Amino acid sequence: MDLGSLRKSYRGDEEAFEEKHLSSLDPIKQFSVWFEEAMRCPSIGEVNAMCLATCTRDGRPSARMVLLKRFSQEGFRFFTNHESRKGRELDSNPFASIVFYWEPLNRQVRIEGSVERLPEEESEKYFHLRPKSSQIGAVVSRQSAVIADREYLRKKNAELEEVYREAPVPKPAYWGGYILKPEVIEFWQGQTSRLHDRIVFRHLQNNSTPLGPMTHRGAGNWVYERLSP
């Protein structure tokens with residue numbers, strides 16, 4: 001199938017995203033501004049949906065959509081099954097990339113960094129804030145394991161609904177949270193000309209590192225640059 005003719009108009013040059021349009025030189029605060037704008041856009045169904053890309057130790061990547069559950073200066077939190085493919089890959093290679101794509105706004109944000117498991121107490125607390133059906137679903141599904149058919153899931157779910165009808169659902173040991181600690185955050189805004197705007201922030205370990213002529217100081221240990229599209 002030839003898809004060469006599929007093309008969409010984005011923004012015009014008069015709506016370019018320039019450095020002067022940054023709401024903050026702290027990329028977490030800038031992300032918060034864009035996230036809130038995306039939340040106010042009725043055309044975006046799940047503003048916290050993000051593509052999470054992980055990689056095996058020998059360099060084989062995989063990606064899937066997950067939901068962001070919290071962000072702060074510490075990083076970006078999400079929850080999943082530790083025994084899933086992404087969980088196993090994060091155990092062996094604790095680095096990842098996440099991408100938010102807000103198509104109606106012609107914007108995406110790409111974030112790279114190291115990943116750590118959240119403390120068990122935090123995972124436990126969040127687990128019991130979820131709807132009971134989601135808690136049972138986490139117990140039913142040994143994510144990424146091969147199963148015979150969907151009927152297996154239906155039967156197991158029905159069994160556990162009965163077991164926990166009047167009782168709390170215990171969090172499985174194999175389910176919990178992660179935090180991605182950002183080292184790179186890129187803000188992208190599409191342009192019809194395909195001269196897209198890309199402003200990338202990088203976190204320096206050493207704030208005294210000399211900067212190049214096109215690199216600018218941000219907040220804290222962050223620096224930022226414009227990238228060619």
Side-chain angles (χ1 to χ4, degrees), residues 3-4 6-39 41 44 47-55 59-66 68 71-78 89-90 93-115 179-229:
L3 305 178
L6 286 181
R7 186 171 296 274
K8 181 177 178 179
S9 295
Y10 295 147
R11 298 176 182 233
D13 188 66
E14 68 281 358
E15 297 179 279
F17 178 55
E18 301 186 53
E19 288 77 354
K20 65 184 179 182
H21 298 134
L22 287 166
S23 299
S24 174
L25 296 184
D26 178 334
I28 304 297
K29 292 181 180 178
Q30 177 63 41
F31 176 83
S32 181
V33 170
W34 272 25
F35 192 87
E36 289 173 9
E37 289 179 9
M39 286 184 68
C41 180
I44 298 175
V47 66
N48 59 329
M50 61 186 189
C51 179
L52 168 68
T54 56
C55 196
R60 292 182 175 271
S62 64
R64 75 290 292 158
M65 302 301 294
V66 300
L68 176 70
F71 68 91
S72 66
Q73 290 293 335
E74 287 183 281
F76 298 77
R77 287 168 164 79
F78 60 94
E89 290 180 356
L90 288 171
N93 184 16
F95 298 91
S97 176
I98 55 179
V99 180
F100 296 86
Y101 180 49
W102 300 313
E103 187 270 338
L105 299 177
N106 309 136
R107 285 176 174 173
Q108 61 178 307
V109 181
R110 183 176 60 81
I111 304 167
E112 302 172 22
S114 61
V115 179
I179 181 169
L180 185 150
K181 297 187 172 183
E183 299 167 7
V184 176
I185 302 180
E186 179 183 328
F187 298 91
W188 178 99
Q189 184 166 287
Q191 295 290 326
T192 296
S193 64
R194 297 318 189 242
L195 297 179
H196 309 306
D197 292 305
R198 298 177 62 191
I199 297 178
V200 62
F201 285 80
R202 294 184 291 107
H203 192 265
L204 301 180
Q205 295 301 316
N206 183 355
N207 203 26
S208 63
T209 302
L211 304 184
M214 291 182 282
T215 303
H216 313 284
R217 293 279 179 198
N221 278 30
W222 290 99
V223 298
Y224 66 98
E225 300 155 324
R226 173 171 288 268
L227 300 182
S228 174

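Source: prediction; values computed, not measured.
Atom CD of residue Q30 and atom OG of residue S32 lie 9.5 Å apart, to the nearest 0.5 angstrom. Going from atom CD1 of I44 over to atom CH2 of W102 covers 7.5 Å, rounded to the nearest 0.5 Å. Going from atom CG of L227 over to atom CZ of R198 covers 4.5 Å, rounded to the nearest 0.5 Å. Summarising the geometry, atom CD1 belonging to I199 is positioned 9.5 Å from atom NE2 belonging to H21; distances are rounded to the nearest 0.5 Å.
A heavy-atom distance below 4.5 Å is found between the side chains of S62 and E89. Contact check for P94 versus S114: no side-chain heavy atoms found under the 4.5 Å cut-off. At a threshold of 4.5 Å between non-hydrogen side-chain atoms, the residues L90 and N93 do not count as touching. Using a 4.5 Å heavy-atom cutoff, the side chains of F76 and P182 are in contact. Looking at heavy atoms from C-beta onward, V109 lies out of side-chain contact with F35 at the 4.5 angstrom threshold.
Contact record, S23 with V33: OG-CG1, 3.6 Å, taken as the closest heavy-atom pair. Residues S72 and R77 approach most closely at OG-NH1, 3.8 Å, considering heavy atoms. Nearest heavy-atom pair across I98 and M50 is CD1-SD, 3.8 Å.
For the side-chain contact (heavy atoms from CB on, under 4.5 Å) criterion with E186, the lone passing option out of R110, E112, E225, Q108 is R110.
The closest donor-acceptor contact from the side chain of H216 to the backbone of R226 lies at 3.5 Å or more, if one exists at all. In this structure, D26 contributes its side chain and A219 its backbone to no donor-acceptor pair below 3.5 Å. For R217 (side chain) and N207 (main-chain N/O), a donor-acceptor pair under 3.5 Å exists by modelled atom type. Side-chain atoms of N221 come within 3.5 Å of backbone N or O of L204 as a donor-acceptor pair.
Here E37 pairs with R107 in a salt bridge; the nearest charged N to carboxylate O distance falls below 4.0 Å. With respect to the salt-bridge test (charged N to carboxylate O, under 4.0 angstrom), the residues R202 and E183 do not qualify.
A 6.0 Å sphere centred on CE of M65 holds more than 12 heavy atoms belonging to other residues, nucleotides or ligands. Residue R60 places its CZ atom among 12 or fewer non-hydrogen atoms of other residues, nucleotides or ligands, all under 6.0 Å distant. Crowding of Q73 atom CD: a count of heavy atoms from other residues, nucleotides or ligands under 6.0 Å exceeding 12.
A ring-centre distance under 6.0 Å is found for F17 and W34. The ring of Y224 has its center no closer than 6.0 angstrom to the ring center of W222. Centroid-to-centroid, the aromatic rings of F187 and F31 stay 6.0 Å apart or farther.
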Set out, in order, the CA-CA distance, both residues' side-chain angles and the distance that settles side chain to side chain contact (heavy atoms under 4.5 Å, CB included) for I179 and V115, then state yes or no.
CA-CA 6 Å; I179 181 169; V115 179; over 6 Å; no
Starting from the C-alpha separation in whole Å, work towards a yes-or-no answer on side chain to side chain contact (heavy atoms under 4.5 Å, CB included) for F201 and I111.
CA-CA 9 Å; F201 285 80; I111 304 167; over 6 Å; no
May I have the step-by-step check of side chain to side chain contact (heavy atoms under 4.5 Å, CB included) for I185 and V200, ending in yes or no?
CA-CA 6 Å; I185 302 180; V200 62; over 6 Å; no
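Under the 3.5 Å distance criterion, with hydrogens and angles disregarded, a donor-acceptor pair is assigned to the side chains of R64 and T54. Checking Q191 against N106 by side-chain atom types alone, no donor-acceptor pair falls below 3.5 Å. Side-chain contact annotation: S208 with N206, donor-acceptor N/O pair under 3.5 Å present.
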